[in-house]
Every structure is written in structure tokens, then in C-alpha cells.
*Asks:* 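Supplied in C-alpha cells, the structure appears directly below.
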Amino acid sequence: MEISLACYQSLSLDKIQNSFRFPSSIHEVFRTKPLFSDYCFRFNRRKCGNPCDKIKCFSLEQGLQPRRPKPKPSRNTDSDLKETEETHVKRPSVGICSQIEKLAFCNRYREALELFEILELEGGFDVGLSTYDALVSACIGLGSVRAVKRVFSYMISNGFEPDQYMSNRVLLMHVKCGMMVDARSVFDEMPERNLVSWNTIIAGLVDVGDYFEAFRLFLLMWEEFSDCGSRTIATMIRASAGLELISVGRQLHSAAVKFGVGEDIFVSCALIDMYSKCGSIEDAQWAFDEMPEKTTVGWNSIIAGYALHGYSEEALSMFYEMRDSGVKMDHFTFSMIIRISSRLASVEYAKQVHAGLIRHGFGLDIVANTALVDFYSKWGRVEDAKHVFDRMPCKNTISWNALIAGYGNHGWGAEAVELFEQMLREKMRPNHVTFLAVLSACSHSRLFERGWEIFQSMSRDHKIKPRAMHYACMIELLGQEGLLDEAFALIRGAPFKPTANMWAALLTASRVNVNLELGKYAAEKLYGMEPEKLSNYVVLLNIYHQSGKLKEAASVLQTLRRKGLRMLPVCSWIEVNKQSHVFLSGDKSHVQTNEIYEKVDSLVHEISKHGYVPKEKTLLPDVDEQEQRILLYHSEKLAVAFGLINTMKGSPLQIVQNHRICNDCHNAIKLIALVTRREIVVRDASRFHHFKDGSCSCGDYW
DNA sequence: TTAGGGTTAG
């Protein structure tokens, strides 16, 4: 029985309990056809390979054969006797061992492992269980594969025979350090496994995204114990979230209620996360409302849920509620709020969160600081971004990517490339996002040769296969150089089926270079892939117009009308004094309307001295006569005028737009930035446009 | 008995 939790706000849990079919339901779920197609869809979408292979891997018939306990080795051989004798002569090592334990207890893991070196080098020490436990803690604390190998090999060579507790700790040590293959061997060879062992290995599998194997082990665990606790359920809910399988998540929710752990905080948080990741924010909110005690993680999960669905305002409002409820905020909260501020282009708010981050003692947190770097660099405040970046005590690839992308988005292509090279010099490993950022920077700044070199170095030097987006960047780069044939050859030579992004890049290149034939070809490819996407038709329409082919343009227009494709209203918004102001074209609802319109008129008058001529007619098909008259008052211009009236000189204006900026406004804003000596950053549906000193970071190519 | 679980950044 499929149930929607949102429907149960009145009678709720009873019905959920009645729907309980666990665990047989999970077997059914994995065997039924609709769910199989569900997987196919998801795996196609995530490009995780052939879904059929994944399903084959998850064969319930091939159960894991429980290992028999290993027979204890007979001690008849000479060498064994020797070993036994040696164990008798082990040196007491109370001093070193207790020191290791103390250091590990104080989280001084590195020092504990340094001291462990003495045991390794000199050998023959009598090391007790508590010392091994401390060493395991040190390995987990450092997350070091090398340390795990050292400690594990010492345990084996020293003849350590772990009890159930220590076996689980050893298993956990491998799991936490991401050594899942070794962890699996440890698990398989354990003479006895209890619930903790199963939970540990299953959680590890979920952590690395091997959800099918996690489910397989979960069912085997169920066969062995016919029992599971809140921890197992929370983990399996996480696995359902990973697979985006709400039906399985609901069954687990039912199971949790049945087992009396439906209100467990870990289960509740996992449910909030699962429902939001599976697309049902209503159910996530319901699960949150049902939490008897709303913890920091609970609040974080629901805020993350709203943010995931693009409901930034709602997420912020939940954050205010969280703050007012007196629950402690943590580095997760701050990281999310910075990201949400970034979407809302709210510098003031981000500054406050930045201050709060430091005040609450999370000033060194890598995730929150990376979010800050991303925020500042996204909005053209490169100095601030660099300031945060330079003061980060440790940085990872994501931190570097954020700054490189920021440089690139704002037209500092050379600086982005320099930063990328510095990253390589500092032995930080780039990933596919790094290359996307640096190639996109090259493309915005027209660094053709450098971009081409970097593109080639991806697979040659860094063993990273270029993906469709990298190809799209290169097509853009070639298009800027007018090398359309080469761009087309790159698409045809790609080792995979060209994607819509790639054809769209070629279509844009054809429009900019006015190549009708290639444009038509790319547009036709795009229609086949995205028949309902309006922008594809609009670009072709523009190409026909530019080439004077009015008959063909009219035919595209007819197709649009036949398909009933209409544009969503274009809107731009800007935040001033922590308040968002949204504008539509010709919008007269704002309280400062008169002032704003006067400002637009005076700006247009001013920039006309610099050669600006407003376009009389837009090429967009859905703009009616009335709207054509108000072209002068497009949402972008209204937002810019409002920003200029209400903000201090010196600070850049930050405007967000739900569509691509139009050609006319692009020209106008470029000149407005010049005459008013203000920086204006517009994030449209496609990219950032940083207007400064009469030019734009996109190099007029978009 | 100990041990195992939930949320964040490009």
C-alpha cells in the first residue's frame, strides 16, 4: 500500500503502522517491475552505467554465505612453537602504552601514532586491548589509510586475538578510513558478528554510495537476527535517500514506527533528509513537525531540504525559527545559510553569517569557509573571497574550485589559470569540476590556446576523462575564435554521444558567427533531444532574423505557437537593506515606481550619448505589442535603477534574473556601469555578467 | 557493558 505521509496529518501513525509489510515488502520492492524501471530512470539520469548490471549485482538469490568461524590453528609445528615461546617473552610496555592511550584520549592522534612507531620498530612488546583500542581511535581520528595499514599489520604480526568488541572496532577503523574492500574482508572473516558488526559494515556501504550492497546485507542481517534497531533503520533510510526511492523509505518509516523508534532523533533526521531528497518536501516537513524534540540536526535537515528544492526564502525563514527557538546552531547551519545567501545575492546577510560563524567558534570550518569563498567570489568580491581563502588553515579541492570559478565568472581568466597552476604546484589534485571552472574561465576571457592545452592535459596528465560540459566549454572557446568547423569536428570526435549542452554551445557559436547552416543543424539536433525547450527555438529564430530569412523565422514562430510554448515572465530581483525587491517588465507595483522610471529615463538619456540606441522591437516571440512598448522598462533596467537609487556608491549592485539577459539590456547595463562608475553583477539563467568600466566579463559572448 | 546511526561547501 502506497501512503503519502502528508495525507496523514490527522490520523497519521496508525495508518502507517497498518501499512507495515516489512521486511518482505523490501524483497517485493526489489523484484517488482515498476521499481526496476524506477532504477533504470535514476541510473540513466545519474549516468551510473547500465542499470541492469546494477540490478544483477543485487540478486537476492546470491545470499552471502556466512563464514564459518575459522578453526584455531594447531600449534604443532616448530615455527608455531617458536611463536608461542616468543609470546611468553614479550616485554612489558606499560609506559609507552599508557602514553599512547592518554594521547588518543586527548585527541592527539598524530602524537599517539608517532609513539606507536617505537612499538613497531623495537617489537616484542606486550600490548593490551586498551592500547589497540586507542590506536584504532587514532586511525579513525586521522582518517589515515597508511595508519590503518600500520596498526592492522602490527596487530596481525603481534598475534593479537581480538574479542567481539575489538573486532568491531577494527572493522570500524577500516570503514571510517574508506577502506571498504579491506573492511569487507575483515567483516567476512569475523568468527562472530553481532548487530554492531552488521550496522558498521552496512553504514560504511551507504557512506560510499554502494546502496544495493547495503540493502543486500541488510536483508541477510534480518534473516540472521530478525531484529534491527533505530541505528540500522536510520542507515537504511539513508540508503533509500541515496537511491531516491521514496517507496522503500516509506516502508522503513513504517518499520521504525512498528519497532517503536519512529520518534528516535536519528531516524527522524534521516526521514526528513530522505523525504526531501526523494522530492517530497511536504513529507519532510511532516516528519520534522512530528519530532518530539527538535535538535540542531533536525533543523539543519529541514533547512537543507528547503534549500535543495530551491525554496531559499522558506529555508531562511526556518533558520529564523531555529534561531528563535534557542537551539544551538552549528557549522552545518552556517554553511547552509551562506549558500542560501549566495543564491539570494544577499551580501549583508552573508556578512552577518560570516561574523556569526566566527563568533560561534566555527571560523576555521572548511565547508563554511568554502561556502564563503564561493559566495564572495560569485558576486565579484574577489578581494573578500581571497581574504577568506588565504586564511583557511586547510583547503581542499572544492575550496580551490570555488575561487577559480569565481575568478573565471568575473572575467579574470588569467588569474583563474594562474590559481589553477598554483593549485597544481601545491600538489592539490584537481577534479572534473576544477577543469570545468578553469576551462570556463578561459572561455570567458578568450584564452583559447591556454584552454586548449588544459583540455588536452586533462586525460593526458591528470587521468580525468573530459565530460560533456568540458566539451561544451571547448566548443564555446572555438566558437569565439570563429573556428566553427573545428567546433563541429570536436563534437563529432567526442568519445560519447553528444549531449544537448554540446549542441547548444554549437548553436550559440553559430548565432554569434552567423552561420545559418550549422545553426540549423545544431538546432535540429536539439529539438530531437529537448523538443519542449523554448530557448532552442528562440536562438534559431534570432539566427533567421539576423540572416534576413523572415519566412523561415515565421515558420519557427508557428512551431512555437503550435507547441503552446510560452516564456515564463522574466523577473529580476535585488536585495537592498536585507529586503528583496522583485521586478517584472513594465512593473508599476513598486512603491518607488515613479522614481525608478524617472531614473531609467535619465540613464537612457545619459547612455545614449555613448551610442546606446534602444531596440525598437524584440525578437522574442511571446512579447506582445504592449510589452514591446515597454521594452525600455525591462525588469533588468528597473532593478538596476532601483539599486542605483537605494544603495551607496562604491558597492556593486547584485541582481538575479530567472532568464537570460537580453541583448538590449546587456548593452544598456554595460554603459550604465560606465557612466555611473558602479560595478553591476547580474546572474542570469546561464552565467554571471560582471559589468565594469564599460565592459562585461562574458566578453559579449552568451 | 564497551562499539555502530542523522544534517553542510565547488
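These numbers come from the heavy atoms of this one structure, side chains and all, not from hydrogens, waters or symmetry mates. Just so we're on the same page: letters track the sequence lines, and every chain starts at 1.
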*Asks:* Return yes if some donor-acceptor pair links the side-chain N/O of A:His331 with the main-chain N/O of A:Val367 below 3.5 Å, else return no.
*Replies:* no
*Asks:* When you get a sec, tell me which of B:dG10, B:dT7, B:dG6 is the closest nucleotide to the side chain of A:Thr397?
*Replies:* B:dG10
*Asks:* Taking atom types as they are modelled, is there a donor-acceptor pair under 3.5 Å from the base of B:dG5 to the side chain of A:Thr235?
*Replies:* no
*Asks:* So which nucleotide from B:dG10, B:dT8, B:dA3 ends up closest to the side chain of A:Lys277?
*Replies:* B:dT8
*Asks:* Could you check how far CD1 of A:Ile398 sits from P of B:dG10, rounded to whole Å?
*Replies:* 8 Å
*Asks:* Look at the side chain of A:Asn431 against the base of B:dG10 and say whether a donor-acceptor pair falls under 3.5 Å; ignore hydrogens and angles.
*Replies:*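 When only heavy-atom distances are counted, A:Asn431 does reach the base of B:dG10 through a donor-acceptor pair under 3.5 Å.
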*Asks:* Rounding to a whole Å, what distance do you find between A:Met166:CE and B:dT2:P?
*Replies:*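 The answer, rounded to whole Å, is 16 Å.
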*Asks:* Provide, to the nearest angstrom, the distance between the CZ atom belonging to A:Phe187 and the P atom belonging to B:dA3.
*Replies:*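 Checked: the CZ to P distance equals 20 Å.
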*Asks:* Is there a donor-acceptor pair closer than 3.5 Å between any side-chain N or O of A:Ser445 and the backbone N or O of A:Gly413?
*Replies:* yes
*Asks:* Between P on B:dT7 and CG on A:Asp273, what's the gap in Å once rounded to a whole number?
*Replies:*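 Rounded to the whole Å, the gap is 5 Å.
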*Asks:* The test is side chain to side chain donor-acceptor pair (under 3.5 Å); show your working for A:Asn501 and A:Tyr471 and say whether it passes.
*Replies:* CA-CA 9 Å; A:Asn501 288 334; A:Tyr471 273 86; over 6 Å; no
*Asks:* Describe the nucleic acid contact of A:Asp133 in one word from base, sugar-phosphate, nothing, applying a heavy-atom distance below 4.0 Å.
*Replies:* nothing
*Asks:* Considering only side-chain heavy atoms of A:Lys378, which listed nucleotide, B:dG5, B:dG10, B:dT7, is closest?
*Replies:*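 That would be B:dG10.
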*Asks:* To the nearest Å, how far apart are A:Asp330 CG and B:dT8 P?
*Replies:*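 Taking atom P of B:dT8 as the reference, CG of A:Asp330 is at 11 Å.
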*Asks:* At under 4.0 Å between heavy atoms, what does A:Ser301 touch on the DNA or RNA strands: base, sugar-phosphate, or nothing?
*Replies:*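 Contact class for A:Ser301: sugar-phosphate only.
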*Asks:* For the side chain of A:Arg169, starting at C-beta, report the closest nucleotide among B:dG6, B:dT8, B:dA3.
*Replies:* B:dA3
*Asks:* Just how far, in rounded Å, is C1' of B:dG6 from CE of A:Met291?
*Replies:*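 For the pair A:Met291 CE and B:dG6 C1', the rounded distance is 9 Å.
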*Asks:* Nearest to the side chain of A:Ala402, heavy atoms from C-beta on, is which of B:dT8, B:dG10, B:dA3?
*Replies:* B:dG10
*Asks:* Has A:Ser341 got a side-chain atom pairing as donor or acceptor with A:Ile337's backbone, closer than 3.5 angstrom?
*Replies:* yes
*Asks:* Let me know the distance between CZ of A:Phe334 and C1' of B:dT7, rounded to the nearest Å.
*Replies:* 15 Å
*Asks:* Against the six-membered ring of A:Phe116, is A:Arg150 placed for a cation-pi contact (under 6.0 Å from the centre, within 45° of the normal)?
*Replies:*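 The answer is no; the distance or angle limit is not met.
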*Asks:* Has A:Lys176 got a side-chain N or O lying under 4.0 Å from the OP1 or OP2 atom of B:dA3?
*Replies:* no
*Asks:* Taking any heavy-atom pair under 4.0 Å as a contact, classify A:Thr232: base, sugar-phosphate, or nothing.
*Replies:* nothing
*Asks:* Would you mind telling me which of B:dA3, B:dG6, B:dG10 lies closest to the side-chain atoms of A:Tyr165?
*Replies:* B:dA3
*Asks:* Ignoring the backbone of A:Arg339, work out which of B:dG5, B:dA9, B:dT8 is nearest its side chain.
*Replies:* B:dA9
*Asks:* Taking the side chain of A:His331 as its heavy atoms from C-beta onward, which of B:dG6, B:dA3, B:dT8 lies nearest to it?
*Replies:*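 Output: B:dT8.
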*Asks:* Scan residues 306-316 of chain A against DNA chain B and write down, sorted by residue number, each residue with any heavy atom closer than 4.0 Å; if none is found, say none.
*Replies:* none
*Asks:* Nearest to the side chain of A:Asp365, heavy atoms from C-beta on, is which of B:dA3, B:dG10, B:dT8?
*Replies:* B:dT8
*Asks:* Given atom CD1 of A:Ile272 and atom P of B:dG5, what is their separation to the nearest angstrom?
*Replies:*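 Atom CD1 in A:Ile272 sits about 19 Å away from atom P in B:dG5.
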*Asks:* What nucleic acid atoms does A:Thr295 come within less than 4.0 Å of, heavy atoms only: base, sugar-phosphate, or nothing?
*Replies:*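 Result for A:Thr295 = base.
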*Asks:* Ignoring hydrogens, what is the shortest heavy-atom contact between A:Ser697 and A:Gly411? Give both atom names and the distance.
*Replies:*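 Taking every non-hydrogen atom into account, CB-N, 3.4 Å.
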*Asks:* According to the salt bridge (charged side-chain N to carboxylate O under 4.0 Å, His left out) rule, which pairs have a member within residues 386-405 of chain A, sequence neighbours left out?
*Replies:*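 Matches after skipping sequence neighbours: A:Lys386-A:Asp390.
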*Asks:* Please check: side-chain N/O of A:Asp273 versus main-chain N/O of A:Cys269, any donor-acceptor pairing under 3.5 Å?
*Replies:* no
*Asks:* Can you say whether a donor on the side chain of A:Asn369 sits under 3.5 Å from an acceptor on the base of B:dA9, or the other way round?
*Replies:*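 Side chain to base: no pair below 3.5 Å.
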*Asks:* Does any part of the side chain of A:Arg683, heavy atoms only, come nearer than 4.5 Å to the side chain of A:Gln657, both counted from C-beta?
*Replies:*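 No, every pair of side-chain atoms sits at 4.5 Å or beyond.
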*Asks:* Please state whether the phosphate of B:dG6, meaning OP1 or OP2, lies under 4.0 angstrom from any side-chain nitrogen or oxygen of A:Arg238.
*Replies:*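 True: A:Arg238 side-chain N/O within range (under 4.0 Å) of B:dG6 OP1/OP2.
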*Asks:* Mind checking if A:Asn168 touches a base, just sugar-phosphate, or nothing, with heavy atoms under 4.0 Å?
*Replies:* base
*Asks:* Select base, sugar-phosphate, or nothing to describe what A:Asn396 touches, counting heavy atoms under 4.0 Å on all strands.
*Replies:* base
